[in-house]
Engineer: 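If you scroll down you'll find the structure; I have some questions about it.
Hydrogens, waters and symmetry mates are skipped; everything else that's a heavy atom, side chains included, is used. Chain naming here is simple, since letters A, B, ... match the order of the sequence lines and numbering starts at 1 in each.
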Amino acid sequence: MPGRRLDKGRDGSRTFPPQSCDFTMLRTHTCGELRSEHIGQSVTLGGWVQNYRDHRGLVFIDLRDRYGLTQVVFNLSHDDQMQSVARGLRSEDVVLVEGEVISRSENINPRLATGEIEIKAVRLDLLSKSKTPPFEPSTTDLPNEELRLKHRFLDLRRAAVQQSMVLRHALTKATRNYFDEHGFLDIETPILGRSTPEGARDYLVPSRVHPGSFFALPQSPQIYKQILMIAGYDRYMQIARCFRDEDLRADRQPEFTQIDVEMAFVQRDDILDVIDGLMAHLVRELRDEELALPLPRLTHEEVMERFGSDKPDLRFDMELVDIESIAGACGFGVFKNTIEAGGRVRGLNARGAAEKYSRKMIDELTAFVGDYGAKGLAFFRVGENVLDSPIAKFLDDQHHREIIEALSADPGDLLFFVADTAAVTSQALAALRNRLGRELQLYDPSELNIAWVIDFPLVTYNEEEDRWDAEHHPFCQPVAEDVPLLKTDPGAVRAQSYDLICNGYEAGSGSIRIHDASIQQDVFDLMGIQSEEAEMRFGFLLEALRYGAPPHGGVALGLDRWVMLFAGHDNIRDVIAFPKTQKAADLLSGAPSPVDDRQLRDLSIKTDLPESS
RNA sequence: GGGGCCGUAGCUCAAUUGGUUAGAGUACCGGACUGUCGAUCCGGGGGUUGCGGGUUCAAGUCCCGUCGGCCUCGCCA
């Protein structure tokens with residue numbers, strides 16, 4: 001079958017098979033289909049009126065469907081009745097037009113894929129009159145997002161949104177094909193499940209027949225897919241909807257979709273290899289490019305040191321540099337005191353940026369890193385063997401030269417430093433690095449830079465609760481040689497876990513799971529989960545583990561994020577047909593909404609609202 | 001829960017330091033027009049400046065609150 005790849009039409013619309021009108025009785029062709037080879041044919045098109053140009057005796061309309069745009073011409077000399085209907089057509093009316101494909105001869109429109117022809121109408125059916133739309137799908141300056149979401153049925157008519165939906169379909173299809181070819185079974189898991197208090201806040205669904213009890217919508221199919229491994233379904237995949245009741249971001253929706261994968265009788269690298277293959281497959285299918293494999297595998301320790309982030313944007317360098325020895329010895333109190341207090345002084349070099357950032361802009365950057373806990377942002381403009389800065393006077397010439405050398409700086413460079421705890425220097429400088437990379441245009445925005453981050457810590461210490469919390473989740477297998485450290489130095493234990501990162505986004509995450517009940521018990525102990533409690537929360541998994549569990553592991557990729565990345569967007573609402581707002585509302589349907597008292601009574605639920613409502 | 005930006009005609013935006021009757025483009029309505037393709041030309045209607053309160057002789061503009069949208073910190077095993 002030809003044309004498996006996406007093909008971009010001259011008018012920017014994407015065509016995607018099937019292009020023809022199979023299974024359609026009302027139409028003979030789509031609005032993106034007709035070319036000069038069809039001249040002379042009698043055809044019927046259906047679509048939405050995108051634009052009209054009324055010359056009284058001669059009326060043109062641009063007829064649109066999701067395949068493209070075709071011009072239709074109505075001629076007065078032909079049919080009075082039809083002409084008066086044609087003159088009344090307005091944006092978004094739905095019509096069926098029968099006519100002859102004719103050449104546009106000298107009036108060809110080169111900007112339209114169908115621009116060599118037009119339809120000379122002999123019959124016009126106005127199937128559905130449209131109200132005047134609040135915005136037109138063809139608009140170039142987009143209305144505000146609230147309006148777009150309220151009238152999502154209009155927004156979805158926009159070519160750009162339709163392209164995203166087609167891309168999403170193509171990505172999903174290519175993913176299923178890939179896993180199918182490698183023997184994976186697509187198995188569905190429950191949407192109504194059991195609440196597990198760990199992790200994100202659950203969306204709850206009350207049970208009518210069990211008053212006072214609730215289902216939880218899945219945060220992910222994690223436990224079910226592990227049980228499938230124990231049950232012998234050794235290669236599982238699912239395009240799974242997940243739900244998390246946490247605050248939203250540009251790349252986070254309360255319901256989202258994961259490409260969920262799990263395999264048995266595997267080690268970490270088997271999983272990484274499978275996903276490497278998937279990414280290469282997707283890049284080939286969707287971009288017609290070859291991805292170099294294996295994807296880079298960087299340790300968590302390394303990326304935190306080099307970039308200050310566990311999901312660095314690897315499209316550009318500008319790595320973090322530690323200047324502890326200089327800072328500790330210099331005369332600048334903030335630096336010196338930070339080192340003496342066990343903190344860190346790290347910085348980065350914005351090459352050639354000395355003249356691009358005014359003092360005022362640097363003040364703005366200082367406020368920016370403040371959001372990440374940095375109490376200040378030291379900066380130096382680099383000259384010949386000398387640094388220019390309000391704090392330059394606290395450093396002697398030797399220190400100037402050492403800093404220049406440490407950051408391999410050249411005249412005209414702009415250096416930034418943060419002195420604080422290790423965590424704050426990481427967070428602040430990672431955020432600064434991303435911002436500078438964008439502002440200085442250090443990368444090609446169309447590039448996809450994909451890599452693995454491996455060897456995450458198994459647990460991190462939770463100061464507030466005075467306990468160790470799972471970095472990934474409580475079923476994650478420690479690295480074998482680190483197991484003895486579980487009881488002596490938990491913070492040093494590495495997990496057999498991995499994140500797939502792309503352009504600064506976490507776009508996938510997974511691990512090898514614990515399949516040994518005694519190690520699982522050690523991990524629960526470490527996290528302060530008593531066995532009784534563990535039985536209560538995860539008992540059905542623990543019980544399953546006691547009946548013959550193969551070694552297994554898996555990964556979940558964020559489908560919405562991948563579509564966003566492939567589409568070149570910067571928020572996932574653009575690649576979701578019916579997304580929710582930041583307050584988790586659907587402006588189209590009005591969800592969530594109050595319900596009848598009757599419904600609440602059936603569910604044995606009483607509401608207790610704050611005074612104001 | 002915290003910080004930031006935004007809200008003016010159906011839509012996109014403008015409105016000097018707080019100062020005359022809140023403007024423009026587009027959309028819409030009426031008219032003209034047989035080769036347009038962002039059609040063109042003539043004419044017309046259209047405003048509780050998100051909502052509530054306050055300051056002031058005077059508020060789209062300043063202050064407080066509130067609602068909504070977006071970005072973000074916390075949060076998201």
Engineer: Under a 4.0 Å threshold between the charged nitrogen and the carboxylate oxygen, would A:R87 count as salt-bridged to A:D54?
Structural biologist: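 Looking at A:D54 and A:R87, the cut-off is met.
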Engineer: Assess A:R90 against A:Y52: is NZ or CZ under 6.0 Å from the centre of the six-membered ring, and within 45 degrees of the ring's axis?
Structural biologist: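 Yes, cation above the ring, under 6.0 Å and within 45°.
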Engineer: Taking any heavy-atom pair under 4.0 Å as a contact, classify A:L248: base, sugar-phosphate, or nothing.
Structural biologist: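 The residue A:L248 makes no contact with any strand.
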Engineer: Answer with yes or no whether A:D371 presents, from its side chain, a donor or acceptor under 3.5 Å of a partner atom in the base of B:rG4.
Structural biologist: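 No such pair is found, so the answer is no.
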Engineer: Excluding sequence neighbours, so at least two apart, what forms salt bridge (charged side-chain N to carboxylate O under 4.0 Å, His left out) with A:D310?
Structural biologist: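 For A:D310, no residue satisfies salt bridge (charged side-chain N to carboxylate O under 4.0 Å, His left out) once neighbours in sequence are set aside.
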Engineer: Just N and O in the side chain of A:R561: are any of them under 4.0 Å from OP1 or OP2 of B:rC76?
Structural biologist: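 No, A:R561 has no side-chain N/O under 4.0 Å of OP1/OP2 on B:rC76.
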Engineer: Using only modelled atom types and a 3.5 angstrom limit, is any donor from either the side chain of A:R252 or the base of B:rC76 paired with an acceptor on the other?
Structural biologist: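 Donor-acceptor pair under 3.5 Å: yes.
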Engineer: Is it the case that more than 12 heavy atoms not belonging to A:R435 sit under 6.0 Å from its CZ atom?
Structural biologist: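 Result for CZ/A:R435: enclosed.
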Engineer: Is A:F135 stacked on the base of B:rC11, meaning ring centres closer than 5.5 Å and planes within 30 degrees of each other?
Structural biologist: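 Answer is no, no stack.
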Engineer: Would you say the base of B:rC37 and the side-chain of A:D62 have a donor-acceptor pair closer than 3.5 Å?
Structural biologist: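 Looking at the base of B:rC37, it does not pair with any donor or acceptor on the side chain of A:D62 (distance under 3.5 Å).
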Engineer: At under 4.0 Å between heavy atoms, what does A:N107 touch on the DNA or RNA strands: base, sugar-phosphate, or nothing?
Structural biologist: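 Contact class for A:N107: base.
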Engineer: Please name the nucleotide paired to B:rA58 by Watson-Crick or G-U wobble geometry with both distances under 3.5 Å, or report none.
Structural biologist: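 Matched B:rA58 with nothing under the 3.5 Å cut-off.
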Engineer: Please confirm whether any donor atom in the side chain of A:Q582 sits under 3.5 Å from an acceptor in the base of B:rG68, or the reverse.
Structural biologist: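 Result: no qualifying N/O pair found.
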Engineer: Classify the nucleic acid contact of A:S509 as base, sugar-phosphate or nothing, counting any heavy atom under 4.0 Å across all strands shown.
Structural biologist: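 Nothing: the residue A:S509, judged by heavy atoms under 4.0 Å, touches no strand.
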Engineer: Scan every strand shown for a Watson-Crick or G-U wobble partner of B:rA14, both distances under 3.5 Å, and answer none if you come up empty.
Structural biologist: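 The answer is none; no pair meets the criterion.
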Engineer: Hey, is the side chain of A:R249 pairing donor to acceptor with the base of B:rG74 inside 3.5 Å?
Structural biologist: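 Yes.
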Engineer: Can a donor-acceptor pair under 3.5 Å be found between the side-chain atoms of A:R148 and the base atoms of B:rC11?
Structural biologist: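 Under the 3.5 Å cut-off, the side chain and the base do not form any donor-acceptor pair.
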